[in-house]
Amino acid sequence: MVATASTLAPGAVQALHSTVIGWYETHARDLPWRAPDASPWAVMVSEFMLQQTPVKRVLPAYAAWLERWPTPAALAADAPGEAVRMWGRLGYPRRALRLHGAAVAITERHGGEVPADHAELLALPGVGEYTAAAVASFAFRQRHAVLDTNVRRVFARAVTGVEYPANATTAAERRTARELLPAGDERAATWAVAVMELGALVCTARGPECGGCPLLADCAWQRAGRPPYQGPARRGQTYEGTDRQVRGKLLAVLREATGLVAQGQLDVVWPDAVQRARALDGLVADGLVEPVGPGTYRLPR
DNA sequence: GACGCGTGGGG
DNA sequence: TCCCCAAGCGT
């Protein structure tokens, strides 16, 4: 590939589509949310869970979730705290709350059917640019630029010739993604999932398997000799000793309790009372924890 | 645009 | 071991 997609001849772009889609047809993982009978709701559930959580850990949680709540209305009829409890240890439990909120909105505003319209998807809690495009593309087979971390990395390497994309998505990346989109809806949807899968399985962040890459001969990064990342330091995630860690410990107690939780049960999970109180306040402010009387808490109802 | 937000696994 | 990463979102 070359520096910008727009400089490619139309025939070259179509060949690129065939290359990646052909690779996908023989290498794609057999994931349940890609099954032909997966509902739009199932696709949406998978997308929420996959926001920053690896596929392997999502698989069992996804199955249990849909078993319990096979429709948006089923989830909406339950308490948000039940969603938080069911979320278990997937991480970022606000996603569970937002998924519940999305189910309520779908039930109230869309007659219980996940909307196919991109703008309506985007208006749902917890649905951002990526998730709206992913659901519209994967569940409804529409033509959208689906830009996740995998796709961004594939484009950074194959198109731009750098090892990693910038920290935040740029206008140039959106333009590239749009320009490389196949013309037809169905083919665009397959292309979207195929590029993502290539990034997940071959063009990985660490230890990419370039030898098995269908784009080896077309890759700008390969052609440049696979230069290492040069840009600004990529944002690290500190965790030990942070409020996040304390929130996680507090919420774990709430999740595992069957009913009300007394202050004393929370106090034992973290020695610093000031930080502990701040973390608990944050959980309450986020709607993840509900105070019920003095020194008593529970998951929200 | 930069942060804050969980949790676990692979190199 | 430690560090980095994992189909992002909301503020």
Side-chain angles (χ1 to χ4, degrees), chain A residues 24 28-29 31-34 38 42-62 84 87-99 101-102 121-139 144-154 163-171 177 189 192-201 203-209 229 232-255 269 275 278-279 281-283 285-289:
Chain A
Y24 178 75
R29 290 167 292 179
L31 299 172
W33 44 86
R34 291 184 188 155
V43 172
M44 176 172 280
V45 169
S46 78
E47 291 303 335
F48 269 76
M49 291 185 169
L50 288 163
Q51 291 170 4
Q52 301 281 278
T53 301
V55 167
K56 182 179 180 179
R57 288 176 50 215
V58 163
L59 286 168
Y62 167 86
V84 173
W87 197 255
R89 305 187 67 81
L90 283 182
Y92 292 147
R94 293 192 292 197
R95 288 181 293 163
L97 222 44
R98 290 173 183 152
L99 181 51
L121 287 165
L122 197 54
L124 298 171
V127 176
E129 187 180 348
Y130 162 76
T131 303
V135 173
S137 177
F138 303 156
H144 294 281
V146 182
L147 260 186
D148 79 323
T149 188
N150 291 305
V151 175
R152 295 184 61 220
R153 190 173 53 248
V154 171
E163 186 176 19
Y164 296 120
N167 210 311
T169 305
T170 64
V193 73
V195 177
M196 194 175 305
E197 190 77 337
L198 185 64
L201 297 183
C203 193
T204 53
R206 282 182 294 186
E209 299 171 33
Y229 180 71
R234 313 172 70 211
R235 197 160 67 76
Q237 304 174 335
T238 51
Y239 184 65
E240 199 66 26
T242 61
D243 285 4
R244 265 157 88 183
Q245 184 182 21
V246 184
R247 286 167 57 106
K249 288 178 177 296
L250 292 173
L251 201 58
V253 174
L254 275 293
R255 271 200 315 264
V269 305
Q275 189 178 21
R278 185 173 66 231
D281 283 352
L283 289 169
D286 287 349
L288 285 162
V289 173

Identify, with sequence neighbours excluded, every residue that meets side chain to side chain donor-acceptor pair (under 3.5 Å) alongside S137(A).
-> none
Walking along DNA chain B from 5' to 3', note the first and the last nucleotide with an atom under 4.0 Å from a heavy atom of chain A, and give both.
-> dC3(B) to dG10(B)
Answer with base, sugar-phosphate or nothing: what part of the nucleic acid does L251(A) contact at a heavy-atom distance below 4.0 Å?
-> nothing
Provide the closest heavy-atom pair for Y62(A) versus W33(A) in the form atom of the first, atom of the second, distance.
-> OH-CA, 3.6 Å
By side chain to side chain donor-acceptor pair (under 3.5 Å), Q52(A) pairs with (sequence neighbours left out) none
Residues forming a side chain to side chain contact (heavy atoms under 4.5 Å, CB included) with T242(A), sequence neighbours excluded | T238(A), Y239(A), R244(A), Q245(A)
Have a look at F48(A) and say if it touches a base, only the backbone sugar-phosphate, or nothing, with a 4.0 Å heavy-atom cut-off.
-> nothing
Indicate for each nucleotide in nucleotides 4-11 of chain C, in 5' to 3' sequence, whether protein heavy atoms under 4.0 Å reach the base (B), only the sugar-phosphate (S), or nothing (-).
-> BBBBBSS-
Residue whose closest nucleotide on DNA chain B lies nearer the 5' end, N167(A) versus P93(A) = N167(A)
Sequence-distant partners of E163(A), salt bridge (Lys or Arg N to Asp or Glu O under 4.0 Å), two or more places apart | none
For R94(A), side chain to side chain contact (heavy atoms under 4.5 Å, CB included) partners two or more places apart | R98(A), R247(A), D286(A), L288(A)
Report the residue (A168(A) or K249(A)) whose heavy-atom-nearest nucleotide on DNA chain B is the more 5′ of the two.
-> A168(A)
Say you pick atom P in dT11(C) and the same atom in dG6(B); how far apart are they, in whole Å?
-> 15 Å
Any residue meeting side chain to side chain donor-acceptor pair (under 3.5 Å) with R29(A), in chain and number order, not counting sequence neighbours = E197(A)
Selection residues 42-57 of chain A - residue pairs positive for salt bridge (Lys or Arg N to Asp or Glu O under 4.0 Å), sequence neighbours left out | none
Expressed in whole Å, how much space separates the P atoms belonging to dA7(C) and dG4(B)?
-> 23 Å
